[in-house]
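Step one of this worksheet: look at the structure below.
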Amino acid sequence: MRSSTIDIAIPTRDAAPRRRQPSGTQKLKRVLDSIHSSLDTLKAATDRVAERKALADARAYLTNPPPEVQAVRDRAAFDQAWRDRAERQRQQNKARQEAADKFYGRTTR
């Protein structure tokens with residue numbers, strides 16, 4: 001029998017390639033991207049808070065208006081009530097006059 005020889009090759013370098021270290025520019029880009037995403041998150045949260053505040057202010061304005069607005073509303077309500085009262089009086093006077101005309105037998109007025 002012949003003896004066979006086994007050759008074992010020993011690499012001069014590591015079998016697994018070393019990981020390449022990121023350059024300073026790549027590190028800076030990664031940090032800046034992280035900062036930008038954090039800022040975008042904060043901006044979105046700030047926008048949501050501002051929108052909620054604007055809605056709350058609008059609701060408060062409608063339910064509890066400033067004195068100037070309330071004064072205008074009160075004046076408009078008073079004017080409408082005054083017009084309604086005057087119209088009721090006019091209708092009553094007209095009905096009273098028609099009843100008197102009928103009672104006294106007047107045909108035209």
Q. Under the side chain to side chain contact (heavy atoms under 4.5 Å, CB included) criterion, do Gln97 and Asn93 qualify, and how do the steps go?
A. CA-CA 6 Å; Gln97 193 62 49; Asn93 288 342; over 6 Å; no

Q. For Asp74 and Gln70, what are the C-alpha separation, side-chain angles and deciding distance, and is it a side-chain hydrogen bond (donor to acceptor under 3.5 Å, both in side chains)?
A. CA-CA 6 Å; Asp74 290 347; Gln70 189 61 45; 2.9 Å; yes

**Q.** Steps toward salt bridge (charged side-chain N to carboxylate O under 4.0 Å, His left out) verdict (Arg88, Asp84)
**A.** CA-CA 6 Å; Arg88 273 195 311 278; Asp84 291 347; 5.4 Å; no

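Considering all non-hydrogen atoms of both residues, Pro65 and Val69 come closest at CB-CG1, 3.8 Å.
Remark: the backbone N or O of Arg30 is not paired with any side-chain donor or acceptor of Ser34 at under 3.5 angstrom.
Ion pairing between a basic and an acidic side chain is recognised when a charged N comes within 4.0 Å of a carboxylate O; Asp79 and Arg83 show no such pairing. Using a cutoff of 4.0 Å between basic side-chain nitrogens and carboxylate oxygens, Glu87 and Arg90 are scored as salt-bridged.
With values rounded to the nearest 0.5 angstrom, Arg75 atom CZ is found 10.0 Å from Trp82 atom CH2. The distance from the NE2 atom of His36 to the NZ atom of Lys29 is 9.0 Å, given to the nearest 0.5 Å. Rounded to the nearest 0.5 angstrom, Arg52 CZ and Leu55 CG are separated by 9.5 Å.
Residue Glu51 places its CD atom among 12 or fewer non-hydrogen atoms of other residues, nucleotides or ligands, all under 6.0 Å distant.
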